[in-house]
Amino acid sequence: MKKLTSRQKQAIATKLRITQVATKLFKLKGFDSVKVQDICQAAEISTGAFYHHFKSKAEIINTAYEQVDILVMDKLETKSFCSNLDKLLFLLGEGANMMDELGWVFVSEIYKNLLSIDRKYSTKPDRYMALEVKSIVEDSIKSGELDNSISSLDLTMIIMRISRGTIFDWCLNNGSYNLKSTMEFELNLVLSNFKAEKLD
């Protein structure tokens with residue numbers, strides 16, 4: 001990756017600040033109640049500066065999702081694991097924790113507004129989280145923790161669908177159950193079908 005110029009660094013910092021400010025406002029007031037002017041005022045930027053970084057208020061959702069991934073990946077790099085499957089469960093469990101911290105009301109708004117966004121970061125094959133899950137699945141197959149009866153790409157897509165589906169169901173149920181433990185249980189249930197048989 002090329003070294004960023006001071007102008008590029010400033011642009012990234014501004015975009016991140018707008019995202020963080022907007023996310024806090026969405027969580028407090030609800031997505032529909034927050035206007036672009038509210039975000040600009042809280043972030044201390046002009047409306048023109050906002051539209052330089054985002055086409056719409058809804059586009060912030062993609063950036064928020066990306067920031068969650070970056071934070072989860074950062075936590076992943078600071079830990080060591082007994083197995084690749086432990087690493088996988090930690091990764092998705094931390095993602096669930098981040099969603100829990102945002103709260104089911106705000107996450108529901110994210111899901112609702114994702115339907116109106118053309119470029120959906122959450123479903124992109126090159127999303128940070130999806131790439132990391134695929135890498136862990138590939139390592140699990142190589143190490144013999146998982147069998148090779150399914151391709152790493154197909155299993156990655158299944159895992160990502162389960163993750164999104166569990167979060168969506170949690171929102172439908174008003175956050176009434178523990179998201180992380182449910183996510184881990186359901187993933188373990190599915191992965192058990194692909195665990196390589198151990199010879200005695």
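Below, each value reflects all heavy atoms present in this structure, side chains not excepted, and no hydrogens, waters or symmetry copies. This structure is a prediction, so every number in the text was calculated from the model and none was measured.
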Student: Working to the nearest 0.5 angstrom, can you tell me the gap between M73 CE and L91 CG?
Tutor: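 Interatomic distance, M73 CE to L91 CG, rounded to 0.5 Å: 6.5 Å.
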Student: A side-chain contact here means heavy atoms from C-beta on lying under 4.5 Å apart; do V72 and Y128 qualify?
Tutor: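 Heavy-atom side-chain distance check fails, nothing below 4.5 Å.
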Student: Is the closest basic N to carboxylate O distance between E138 and K142 below 4.0 Å?
Tutor: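 Salt bridge between E138 and K142, a charged N being under 4.0 Å from a carboxylate O: no.
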Student: Hey, any chance I150 and L153 share a hydrophobic cluster, counting ILVMFWY side chains that come within less than 4.5 Å of each other, even indirectly?
Tutor: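 No, it is not one cluster - the side chains of I150 and L153 are not joined through contacts under 4.5 Å.
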Student: Which is it for R17 and H53 under the side-chain contact (heavy atoms from CB on, under 4.5 Å) test, yes or no, and what are the steps along the way?
Tutor: CA-CA 11 Å; R17 190 172 81 254; H53 294 287; over 6 Å; no
Student: Count I, L, V, M, F, W, Y as connected when their side-chain heavy atoms are under 4.5 Å apart, and connections chain through other members. Are M98 and V133 then in the same cluster?
Tutor: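 Yes, because M98 and V133 connect within a single hydrophobic cluster, where side-chain heavy atoms sit under 4.5 Å apart.
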Student: Strictly distance-based, threshold 3.5 Å: is any side-chain N or O of K57 a donor or acceptor partner for the main-chain N or O of F31?
Tutor: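 Checked: pair present.
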Student: Any idea which heavy atoms bring K180 and G93 closest together, and the distance?
Tutor: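 Taking every non-hydrogen atom into account, CG-O, 3.7 Å.
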Student: Specify the closest pair of heavy atoms between A43 and V21, including all atoms of both residues, with the distance to one decimal.
Tutor: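 Result for this residue pair: N-CG1, 3.9 Å.
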Student: State the OG1-CZ distance between T156 and R161, to the nearest 0.5 angstrom.
Tutor: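 Output value for this atom pair is 10.5 Å.
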Student: Can you get from L131 to I136 by hopping between Ile, Leu, Val, Met, Phe, Trp and Tyr side chains that sit under 4.5 Å apart?
Tutor: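 They do not share one cluster, since no chain of ILVMFWY contacts under 4.5 Å joins L131 to I136.
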Student: Can you confirm whether F185 is buried at CZ, in the sense that more than 12 heavy atoms of other residues, nucleotides or ligands lie under 6.0 Å from that atom?
Tutor: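 No, the 6.0 Å shell around CZ holds no more than 12 heavy atoms from other groups.
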Student: Is there a side-chain contact between D32 and K112 (heavy atoms, below 4.5 Å)?
Tutor: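 Sidechains of K112 and D32: in contact.
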Student: Quick check: do F54 and K15 have side-chain heavy atoms less than 4.5 Å from each other?
Tutor: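 Answer yes - side chains close enough.
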Student: To the nearest 0.5 angstrom, please state how far the CZ atom of R127 sits from the CG atom of D69.
Tutor: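 With rounding to 0.5 Å, CZ (R127) is 4.0 Å from CG (D69).
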Student: Indicate the atoms forming the closest heavy-atom contact of A96 with L179, along with that distance.
Tutor: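 What the structure gives for the nearest pair is O-CD2, 3.5 Å.
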Student: Taking all non-hydrogen atoms of both residues, which atom of L25 and which atom of I39 are closest, and how far apart?
Tutor: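 Taking L25 first and I39 second, the nearest heavy atoms are CD1-CA, 3.8 Å.
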Student: Apply the test side-chain contact (heavy atoms from CB on, under 4.5 Å) to residues L92 and I162: give CA-CA distance (whole Å), side-chain angles for both, the deciding distance (0.1 Å), then the verdict.
Tutor: CA-CA 10 Å; L92 293 159; I162 291 168; over 6 Å; no
Student: For F168, I'd like to know if atom CZ has over 12 heavy atoms of other residues, nucleotides or ligands within 6.0 Å.
Tutor: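 No, the 6.0 Å shell around CZ holds no more than 12 heavy atoms from other groups.
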Student: Looking at every heavy atom in both E145 and L85, which two are closest together, and how far apart are they?
Tutor: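 Closest approach of E145 to L85, heavy atoms only: OE1-N, 3.3 Å.
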Student: Is any side-chain heavy atom of F81 closer than 4.5 Å to a side-chain heavy atom of L89?
Tutor: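 Side chain of F81 against side chain of L89, heavy atoms only: no contact under 4.5 Å found.
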Student: Compare every heavy atom of S108 with every heavy atom of C171, then report the nearest pair and how far apart it is.
Tutor: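 So the two residues come closest at CB-OG, 3.3 Å.
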Student: Let me confirm one number: the OG-CG distance from S176 to D169, rounded to the nearest 0.5 Å.
Tutor: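 That separation rounds to 8.5 Å.
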Student: Quick one: CG on L146 to OG on S192, what's the gap to the nearest 0.5 Å?
Tutor: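 So the CG of L146 and the OG of S192 are separated by 10.5 Å.
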Student: Does V34 belong to the same Ile/Leu/Val/Met/Phe/Trp/Tyr cluster as W104, with side-chain heavy atoms less than 4.5 Å apart forming each link?
Tutor: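 Result: yes, single cluster for both.
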Student: Taking the side chain as C-beta and beyond, is there a heavy-atom pair between Q41 and K35 under 4.5 Å?
Tutor: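 Q41 does not reach K35 side chain to side chain.
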Student: In sequence, state the C-alpha distance, the side-chain angles, and the governing distance for L88 and L191, and then conclude on side-chain contact (heavy atoms from CB on, under 4.5 Å).
Tutor: CA-CA 11 Å; L88 181 60; L191 290 172; 3.8 Å; yes
Student: Determine, stepwise, if the pair I60 / F50 fulfils side-chain contact (heavy atoms from CB on, under 4.5 Å).
Tutor: CA-CA 10 Å; I60 294 173; F50 175 89; 3.6 Å; yes
Student: Give a yes or no on this: more than 12 heavy atoms of other residues, nucleotides or ligands lie within 6.0 Å of atom CG of N148.
Tutor: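 At most 12 heavy atoms, drawn from other residues, nucleotides or ligands, come within 6.0 Å of this atom.
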Student: Would a 4.5 Å heavy-atom cut-off, applied to side chains only, mark E94 and K79 as touching?
Tutor: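 When only atoms from C-beta onward are counted, K79 and E94 do not touch, as no gap falls below 4.5 Å.
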Student: Using side-chain heavy atoms (C-beta onward) and a distance below 4.5 Å, is M183 in contact with N178?
Tutor: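 M183 does not reach N178 side chain to side chain.
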Student: Output the distance between atom CE (M129) and atom NZ (K124), rounded to the nearest 0.5 Å.
Tutor: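 Here the rounded value is 14.5 Å.
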Student: Do L155 and I159 have side chains that get closer than 4.5 Å, going by heavy atoms?
Tutor: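 The answer is yes, as the side chains (C-beta and beyond) meet within the 4.5 Å cut-off.
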